[in-house]
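There's a structure below that I have some questions on.
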2 protein chains.
Amino acid sequence: MSHTLGVRQVQKQKTRRALLDAALALLEEQSLSSLGLREVTRAVGVAPTAFYRHFRSTADLGVALVEEALDSLHPMIRTTLSPAEDSDERITRAVDLIAGHVAANPAHVRFIARERHGGVQPVREAIRDQLARFAEEVKAELAEDPASAGWNDDDLLMLAGLYVDQMLMTACLFLETQEAPEEERRRVAEVATRRMRLISIGRRHWLD
Amino acid sequence: MSHTLGVRQVQKQKTRRALLDAALALLEEQSLSSLGLREVTRAVGVAPTAFYRHFRSTADLGVALVEEALDSLHPMIRTTLSPAEDSDERITRAVDLIAGHVAANPAHVRFIARERHGGVQPVREAIRDQLARFAEEVKAELAEDPASAGWNDDDLLMLAGLYVDQMLMTACLFLETQEAPEEERRRVAEVATRRMRLISIGRRHWLD
DNA sequence: AATTCCAGAGAACAGTTGTTAACTGCATGG
DNA sequence: CCATGCAGTTAACAACTGTTCTCTGGAATT
């Protein structure tokens, strides 16, 4: 079925990966709209023109990065929301999961946060669409929770969006305190947890 | 007292304003880290070297824009939170105020949203500091509300931060639907209102 | 009235950028 | 085994960048 692709395709994919990785690294301290094509190829060690074999432009590369960065988040969403024992425990587990993901993929998170409102339209749209997919996913998960009995679709989507945005903001906070002492990072986790808790309380009394 | 500054200083301030305005306009479709000094001076119609008479670098100009953009928001915060009759009415009024501010200063709002996580460190820090001041201000306002009886300082600041972030996110949503039909903009306002309402409900039951 | 000051102009600098064209070598499919 | 395809190279292009130094005209100070 899965035709083992030849030596040729393998090499191409390898350079493509190298380009994506180099770009992601360079984007740690600048934004996509200032990322030069030559800058990327220089970092990889290939000729500038080789870039065009893989991407039409740096904006194109950016869109590819969006898919990559947010696809890795979908499994996290799943495991965060699925089992529903104690509400507070679920929240602390979610915050820990976010902290772990940020620690494991800081560049991806930074990229999304930076380019969500960045200067490159196609990339903004790609991020917006992916986040909307996220919200739909969370909404579907919420709908199965018995606590959501009586909720209409609009309100469920509103709550899902609130959760998604909250997750992203929490991730950003962890990113900013990445090199800070453990103590401060714990304080951030603490505040994020309380925010989520307040939202959950609001959720519980929504139908009053 | 206020020494009327001479013709000389007046002209200098005029060019400075022109530089800031031109930069802000250019930043509508790119980010600060890709904004060139020559680009700005060309738009104003002065020699590139004139730039240095006003700013050390484009990053420096960015910091000046931050002060300008966020200072104009402080009065809004005040009028939003001060009188406290009906909770729901206060929320809809706040959302309307945000919509108005975005319609009146779209470029400023876009700039803040874009550069909050952008590629220029000094600007990120300036925005972070100003937003922290905002949160403190909101916290002080909240503390006087009788509904905040029994709240400790940490929780008050947590809630204030939540409100501030929510305001900014709402502003971003209005920005994205700026050219969209009136109907969609009303839908955004509707969802934003419900979000705020849910948070307010959580606030009311926080001490249970 | 003579002097100082300084916002802005002008020219030149070494480097950088995206994009084009024609090329090379090698894995691939007939 | 040979011809085709195609990832990556090389060279060149016009245009652009930030920064330096020197200069100028006119307001500000004395």
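Throughout, protein chains are lettered first and strands after them, A, B, ... in sequence-line order, and every chain is numbered starting at 1.
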Hey, does A:Thr15 reach any base, or is it just sugar-phosphate, or nothing, if we go heavy atoms under 4.0 Å? sugar-phosphate
Protein-nucleotides 21-23 of chain C N/O pairs under 3.5 Å:
none

May I have the distance from B:Leu19 (atom CG) to C:dG8 (atom C1'), rounded to whole angstrom? 11 Å
Heavy-atom pair of closest approach, residues A:Arg185 and A:Thr177: NE-O, 3.4 Å
Classify the side-chain pair B:Arg203/B:Ser148 by whether it contains a donor and acceptor separated by less than 3.5 Å. yes
Short question: side chain of B:Asp155, backbone of B:Trp151 - any donor-acceptor pair under 3.5 Å? no
Restricting to side-chain hydrogen bond (donor to acceptor under 3.5 Å, both in side chains), what partner residues turn up for B:Thr170, sequence neighbours left out? none
Give the dot-bracket string for DNA chain D, reading 5' to 3', where a pair is Watson-Crick or G-U wobble with both distances under 3.5 Å, ( ) marks pairs inside the strand, [ ] marks pairs crossing earlier ones, | marks a partner on another strand, and . marks unpaired. ||||||||||||.||||.|||||||||.||
Of the listed nucleotides (C:dT17, C:dA7, C:dG18), which one gets closest to any side-chain atom of A:Glu39? C:dT17
Is it true that the side chains of B:Gln130 and B:Arg133 contain a donor and an acceptor less than 3.5 Å apart? yes
Return the value, rounded to whole Å, for the distance between atom CG of B:Leu26 and atom P of D:dT17. 11 Å
Strictly below 4.0 Å: does B:Arg42 bring a side-chain N or O up to OP1 or OP2 of D:dC16? no
Taking only residues at least two apart or on different chains, which pairs with a member in residues 43-53 of chain A satisfy salt bridge (charged side-chain N to carboxylate O under 4.0 Å, His left out)? none
Which comes earlier along DNA chain D counting from the 5' end, the contact point of A:Ala47 or that of B:Arg38, where each point is its nearest nucleotide? A:Ala47
Is it true that B:Arg186 and B:Glu190 make a salt bridge, defined as a side-chain N closer than 4.0 Å to a carboxylate O? no
Looking at A:Arg114 and B:Gly118, would you say the former's side chain and the latter's main chain have a donor-acceptor pair under 3.5 Å? yes
Winner on side-chain proximity to A:Ala50, out of D:dT9, C:dA9, C:dG18, is D:dT9
With a 3.5 Å cut-off and sequence neighbours excluded, list the donor-acceptor pairs that the side chains of residues 34-51 of chain A form with protein atoms.
| unit_1 | atom_1 | unit_2 | atom_2 | d |
| --- | --- | --- | --- | --- |
| A:Ser34 | OG | A:Gln30 | OE1 | 3.0 |
| A:Ser34 | OG | A:Ser31 | O | 3.0 |
| A:Ser34 | OG | B:Ser33 | OG | 2.9 |
| A:Glu39 | OE1 | A:Gly36 | N | 3.0 |
| A:Glu39 | OE2 | A:Gln30 | NE2 | 2.7 |
| A:Thr41 | OG1 | A:Leu37 | O | 3.4 |
| A:Thr41 | OG1 | A:Arg38 | O | 2.9 |

Rounded to whole Å, please give me the gap between OH in B:Tyr52 and C1' in C:dG10. 15 Å
Protein-nucleic acid N or O pairs under 3.5 Å, nucleotides 28-30 of chain D:
| unit_1 | atom_1 | unit_2 | atom_2 | d |
| --- | --- | --- | --- | --- |
| D:dA28 | OP1 | B:Val7 | N | 3.0 |
| D:dA28 | OP1 | B:Arg8 | N | 3.3 |

May I ask you to decide if A:Leu32's main-chain N or O and A:Glu115's side chain share a donor-acceptor pair within less than 3.5 Å? yes
Only residue of A:Val188, A:Asp88, A:Thr92 satisfying side chain to side chain contact (heavy atoms under 4.5 Å, CB included) with A:Thr193 is A:Thr92
